[in-house]
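Residue numbers start from 1 in every chain, and the chains themselves are labelled A, B, ... in the order their sequence lines are given, proteins ahead of strands.
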Amino acid sequence: MTGLTVRTIRFYSDQGIIPPSARTHSGYRTYDVEALAKLKLVRTLRELGVDLPTAQRVLTREVTVTEVARVHADAIDAQMRTLRLRRAVLRAVAKGGEMELMNELARMTDEERQRILDDFFEDVFGPYELDPGFESHMRSVRIELPDDPSTEQLEAWVELAKLVQDNDFRASIKRMSARHEQMRADGENMGAPSQGQMDAFTNSVQEARAALDAGIAPDSPQAREIVDRVNAKWAEAFGVPNDEHLREKLFLHQDFADPRAERYWVLIAKINGWPPVPDTSAERAWLRAAGQPLA
DNA sequence: ATTCTTACA
DNA sequence: TGTAAGGA
């Protein structure tokens, strides 16, 4: 009738939550329509996960069903967030991640995550005189791991946290900063790359992609031709002749080509749910092997 | 056959 | 919630 077991009805009765409207001569509980309605109300609330004490406060009119519904829905939101997070951690652990590390990094707030990045920025950019536009652009990167990160996003955050705390990576970026500082002191424009330089980069990646697809070895004569073509574009972008001048220019820039720096951007995009950054590490590795240092 | 109370795990 | 007991 009410969907409740005899047992629980008795329990409600004993607890005084819903007293029977009357008893028969032999002590049987009887419930009139009003009490019956109360039983159904409590059953529904219990089914929706509302605890008995608050169900009782609904009966006594201390709170309305509307209020209880809102509060409880909010509570479920919170539970779902932690459950989603737990699931993401466990899925990542199931795929072989380290549990303590996963859990610790997943539980962090956005602010705590940002601290890790800011520490990194301070270490690798702070001591150097860099192009202000460049530095503020690098420092403006924010980490916003969603409440319900996918396994991939969580893994990306773990990898990023490891990366920016890795002393070898930091040393590499510091070398870039030192070189950047030096070039700036020498009057080089170290702000945003020109359109020509970006085009030259795009061209490099396309050429290398085609070479990789065609199975051209980096040490083959064909690779030599490709590097010559790529260098011609770079020479144009830098505004220098495609000769020793360009070689010098490329040499000055080559310290910027740590593949992990690109990985950094790939990970940031994944964590923040940005459109995926194309991973050109394979193309760049081919170009480096072929003797073209900058790409 | 079902419900009742009390009590313990 | 399951179980027991003895009554109604």
Side-chain angles (χ1 to χ4, degrees), chain A residues 1-116 143-162 270-273:
Chain A
M1 194 86 231
T2 56
L4 293 164
T5 65
V6 177
R7 193 70 196 272
T8 56
I9 293 174
R10 279 204 271 266
F11 178 72
Y12 293 164
S13 161
D14 293 346
Q15 297 294 307
I17 297 167
I18 303 167
S21 39
R23 295 268 191 162
T24 63
H25 52 285
S26 50
Y28 283 28
R29 276 165 261 252
T30 56
Y31 293 86
D32 59 21
V33 281
E34 192 185 340
L36 221 54
K38 286 182 181 176
L39 287 169
K40 285 175 182 168
L41 173 60
V42 172
R43 181 192 71 123
T44 309
L45 288 169
R46 295 289 292 126
E47 268 183 4
L48 292 171
V50 176
D51 58 46
L52 200 47
T54 72
Q56 195 171 1
R57 293 203 296 138
V58 174
L59 288 178
T60 58
R61 314 274 168 132
E62 284 177 59
V63 287
T64 67
V65 174
T66 317
E67 285 165 351
V68 167
R70 184 177 48 76
V71 170
H72 192 236
D74 288 348
I76 287 175
D77 277 341
Q79 287 177 26
M80 285 178 74
R81 274 195 292 277
T82 74
L83 283 175
R84 278 192 231 273
L85 202 54
R86 281 184 194 169
R87 181 179 59 184
V89 169
L90 290 169
R91 288 279 175 231
V93 171
K95 282 176 68 180
E98 304 166 54
M99 188 160 66
E100 294 83 2
L101 183 66
M102 290 279 172
N103 191 37
E104 187 185 352
L105 291 173
R107 292 171 5 121
M108 287 181 148
T109 64
D110 276 351
E111 290 70 34
E112 290 169 324
R113 294 193 181 96
Q114 197 61 49
R115 279 273 304 173
I116 289 181
I143 289 296
E144 283 161 8
L145 190 68
D147 285 337
D148 55 340
S150 67
T151 310
E152 289 72 26
Q153 283 178 308
L154 183 58
E155 285 169 338
W157 162 235
V158 171
E159 186 181 341
L160 181 73
K162 278 183 178 165
K270 206 174 281 183
I271 294 164
N272 285 357

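- One can place CG of A:Asp14 at 14 Å from P of C:dT1, the figure rounded to the nearest angstrom.
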A:Arg115 vs A:Glu111, test: salt bridge (Lys or Arg N to Asp or Glu O under 4.0 Å). Steps then yes/no. CA-CA 6 Å; A:Arg115 279 273 304 173; A:Glu111 290 70 34; over 6 Å; no
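- Spacing between atom CZ of A:Phe11 and atom C1' of C:dG2 amounts to 15 Å, rounded to whole angstrom units.
- In this structure, the side chain of A:Thr109 engages the main chain of A:Glu112 through a donor-acceptor pair within 3.5 Å.
- Straight-line distance from the CZ atom of A:Arg23 to the P atom of C:dG7: 20 Å, rounded to whole Å.
- Looking at A:Ile271 and A:Arg113, their side chains never come closer than 4.5 Å, going by heavy atoms from C-beta outward.
- The CD-P distance, from A:Gln15 to B:dT6, rounds to 13 Å in whole Å.
- Using a 4.0 Å cut-off, some side-chain N or O of A:Arg10 falls inside it from OP1 or OP2 of B:dC4.
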Set out, in order, the CA-CA distance, both residues' side-chain angles and the distance that settles salt bridge (Lys or Arg N to Asp or Glu O under 4.0 Å) for A:Lys162 and A:Glu98, then state yes or no. CA-CA 12 Å; A:Lys162 278 183 178 165; A:Glu98 304 166 54; 3.4 Å; yes
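- Closest to the side chain of A:Tyr28, out of C:dA8, C:dT1, C:dG2, is C:dA8.
- When Watson-Crick and G-U wobble pairs are counted only if both distances are under 3.5 Å, B:dA1 pairs with no nucleotide at all.
- When distances run from any side-chain atom of A:Val6 to the nucleotides B:dT3, C:dG2, C:dT1, the shortest one goes to B:dT3.
- The side chain of A:Ser26 lies closest to C:dA8 when the candidates are C:dA8, C:dG2, B:dT3.
- Atom pair A:Arg7:CZ and B:dT6:C1' shows a separation of 11 Å (rounding to whole Å applied).
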